Amino acid sequence: MLVKVEQIKETGLQLNEPIGLELLGDALGGAASGQDTGFRATGPSTLQASLRKVSGGVLLEGKFTAQVTTPCKRCLGDVQMKVPVSFTLNLVPESLARGEDFLDDDESSMEKKERSQAEIGGSFDLEDADEEVFDGKTIDLDPIIREQLLLALPMNAVCREDCKGLCSQCGTNLNEAKCACEQKPGDPRMAPLKNIKLSN
Ligand SMILES: [Zn+2]
Ligand SMILES: [Zn+2]
């Protein structure tokens, strides 16, 4: 999905663009990509975005909702979820970034970010916006969508708040069945534990 800077008028540019399932799936990774997030996209989405020219670049505000599935962190069952993604980016032309001797290495680019944002200043929410460099003519939204989706993924997806998970001994899904691990009358090793009531 490409946007030319010349398409952005004084009043800004509003986008309502479909995001293909393939792009989302690609972002989430898998066997083919060698980088697997454990999430799978289950449907296409729609990007709602607004682009405005601001001093020194283009301010991009975007949001979309990704429908994904992932294994529950406790019981490994499928979790269907909707991941809301919203972002504000300050897109800076390469020429401007180059003027600052932009380096790729993470730590120094963080420093540059802080410095250049202070320099650009202005009354917009640029202060809070992350910075992205582009060629100054064409904005490619696909890599931005991929990156922002990855940033929005939840760390601890569970199928439900009170998911009981799997028994650590026998692997039984404790949401579905009670396993025999707590109560083996025939096992002498369990005898000392016979009278202990587990709280859950
Ligand atoms: Zn679960
Ligand atoms: Zn068990």
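Since we're looking at a predicted model, the values are computed, not measured. Counting starts at 1 for both ligands and their atoms, following the listed order.
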> Cluster question for you: counting only ILVMFWY and a side-chain heavy-atom cut-off of under 4.5 Å, with indirect links fine, are Leu15 and Val58 together?
Replying inline: yes
> What angle, in degrees and rounded to 10°, do you get at the Zn ion (ligand 2) when you join it to SG of Cys167 and to SG of Cys179?
Replying inline: 110°
>> Using every non-hydrogen atom in the two residues, find where Cys72 and Cys75 come nearest and quote the distance to one decimal.
In response: SG-N, 3.4 Å
>> If I compare all heavy atoms of Pro93 with all of Gly57, which pair ends up nearest, and what's the gap?
In response: CD-CA, 3.9 Å
>> What count do you get for protein N, O or S atoms closer to the Zn ion (ligand 1) than 2.8 Å?
In response: 4
>> Side-chain heavy atoms under 4.5 Å apart, restricted to Ile/Leu/Val/Met/Phe/Trp/Tyr: what other residues fall into the cluster of Leu166, or is it alone?
In response: Leu76
Sequence neighbours excluded and cut-off under 3.5 Å, please list the side-chain donor-acceptor pairs for residues 2-14, or say none.
unit_1 : atom_1 : unit_2 : atom_2 : d
Gln7   : OE1    : Lys4   : N      : 2.7

> Which pairs count as salt bridge (charged side-chain N to carboxylate O under 4.0 Å, His left out) when at least one residue sits in residues 62-76, sequence neighbours excluded?
Replying inline: none
